[in-house]
Amino acid sequence: MAELRGKQKRYLRSQAHEMRPLFQVGKDGLSANWLKQIEDAIEKRELLKINLLQNTMVEVAEVKEFIEAHSQIQVIQTIGHVLVLYCPAKKKEHRSYSLEVAKL
């Protein structure tokens with residue numbers, strides 16, 4: 001996947017602003033099963049937020065590195081304990097944000 005440009009990231013951040021985190025990282029930390037669930041959800045949504053709970057043993061940077069190393073998902077933004085994730089959908093019926101991103 002190509003690296004997103006500044007305008008594209010700005011657009012995605014603005015769209016994610018009102019979203020609530022859909023997934024959480026808790027005391028169990030990161031796993032392949034957790035990442036698979038995120039990949040399934042992001043395939044239908046293209047853009048989502050995840051939240052790191054206070055009792056987690058991993059840092060934001062570790063979560064970002066884990067997600068980007070083991071999947072096609074890009075971390076668009078990190079604010080505190082919240083990460084904004086983006087990945088274009090493979091199926092045409094699920095594409096909404098990726099169509100707008102391509103125009104920018």
Side-chain angles (χ1 to χ4, degrees):
M1 179 189 313
E3 186 67 27
L4 295 172
R5 294 188 309 274
K7 273 187 174 181
Q8 294 169 323
K9 287 183 180 182
R10 239 183 341 269
Y11 168 76
L12 292 169
R13 286 194 305 257
S14 71
Q15 297 301 308
H17 180 72
E18 294 295 322
M19 290 182 176
R20 299 185 64 82
L22 193 62
F23 286 92
Q24 298 175 335
V25 180
K27 64 180 179 175
D28 297 334
L30 307 170
S31 67
N33 186 34
W34 175 83
L35 186 60
K36 174 74 172 120
Q37 290 177 352
I38 288 181
E39 287 175 332
D40 292 344
I42 208 163
E43 172 59 34
K44 293 184 178 117
R45 298 171 187 262
E46 291 190 313
L47 187 68
L48 60 84
K49 284 184 176 180
I50 61 171
N51 183 27
L52 276 68
L53 298 177
Q54 289 181 347
N55 65 348
T56 187
M57 300 296 175
V58 292
E59 297 294 322
V60 174
E62 292 175 75
V63 176
K64 178 180 177 180
E65 185 178 313
F66 178 80
I67 290 171
E68 290 181 340
H70 295 93
S71 69
Q72 294 293 316
I73 300 170
Q74 291 185 8
V75 178
I76 301 300
Q77 182 180 33
T78 58
I79 300 176
H81 293 286
V82 178
L83 288 87
V84 178
L85 309 178
Y86 168 74
C87 186
K90 293 174 183 75
K91 295 183 180 177
K92 285 186 177 181
E93 64 264 18
H94 298 305
R95 292 183 188 153
S96 58
Y97 297 114
S98 58
L99 297 175
E100 292 298 318
V101 166
K103 292 178 188 176
L104 298 174

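Predicted model only: the values in this text are computed from it and were never measured.
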Could you tell me whether the side chain of [X] and the main chain of [Y] form a donor-acceptor pair under 3.5 Å?
| X | Y | answer |
| --- | --- | --- |
| Glu65 | Glu62 | no |
| Thr56 | Leu52 | no |
| Lys64 | Val75 | no |
| Gln15 | Tyr97 | no |
| Lys90 | Glu43 | no |

ask   = Could you go step by step and tell me if Tyr86 and Ser98 meet the side chain to side chain contact (heavy atoms under 4.5 Å, CB included) rule?
value = CA-CA 9 Å; Tyr86 168 74; Ser98 58; 3.3 Å; yes

Neighbour count above 12 (heavy atom, 6.0 Å) for [X] [atom1]:
| X | atom1 | value |
| --- | --- | --- |
| Gln54 | CD | no |
| Gln37 | CD | yes |
| His81 | NE2 | no |
| Glu68 | CD | yes |

Can you name the closest pair of heavy atoms from [X] and [Y] and give their distance?
| X | Y | result |
| --- | --- | --- |
| Pro88 | Glu46 | CA-OE2, 3.5 Å |
| Arg95 | Leu99 | O-CD1, 3.8 Å |
| Val60 | Gly80 | CG2-O, 3.3 Å |
| Val82 | Lys49 | CG1-CD, 3.9 Å |

Under 3.5 Å, sequence neighbours excluded: what are the donor-acceptor pairs made by side chains of residues 21-36?
| residue | atom | partner | partner atom | Å |
| --- | --- | --- | --- | --- |
| Ser31 | OG | Trp34 | N | 3.1 |
| Trp34 | NE1 | Gln24 | O | 3.2 |
| Lys36 | NZ | Asp40 | OD1 | 2.9 |

Rounded at 0.5 Å granularity, tell me how far [atom1] in [X] sits from [atom2] in [Y].
| X | Y | atom1 | atom2 | result |
| --- | --- | --- | --- | --- |
| Leu47 | Ser96 | CG | OG | 8.5 Å |
| Ile38 | Arg45 | CD1 | CZ | 12.0 Å |
| Gln74 | Leu85 | CD | CG | 10.5 Å |

query = Taking a hydrophobic cluster as the set of Ile, Leu, Val, Met, Phe, Trp and Tyr residues connected by side-chain heavy atoms closer than 4.5 Å, whether directly or through intermediates, do Met19 and Ile76 fall within one such cluster?
reply =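 Linked within one cluster.
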
message = I'd like to know whether Ile50 forms a side chain to side chain contact (heavy atoms under 4.5 Å, CB included) with Ile67, so could you lay out the CA-CA distance, the side-chain angles of the two residues, the decisive distance to 0.1 Å, and finally the verdict.
response = CA-CA 11 Å; Ile50 61 171; Ile67 290 171; 3.8 Å; yes

Donor-acceptor contacts under 3.5 Å from residues 4-14 side chains, at least two apart:
| residue | atom | partner | partner atom | Å |
| --- | --- | --- | --- | --- |
| Arg5 | NH2 | Leu104 | O | 2.3 |
| Gln8 | OE1 | Arg5 | N | 2.8 |
| Gln8 | NE2 | Val101 | O | 3.0 |
| Lys9 | NZ | Glu3 | OE2 | 3.4 |
| Ser14 | OG | Tyr11 | O | 2.6 |

message = Under the criterion side chain to side chain contact (heavy atoms under 4.5 Å, CB included), I'd like the reasoning laid out for Glu100 against Lys103: C-alpha separation, chi angles, the key distance, then a yes or no.
response = CA-CA 5 Å; Glu100 292 298 318; Lys103 292 178 188 176; 3.4 Å; yes

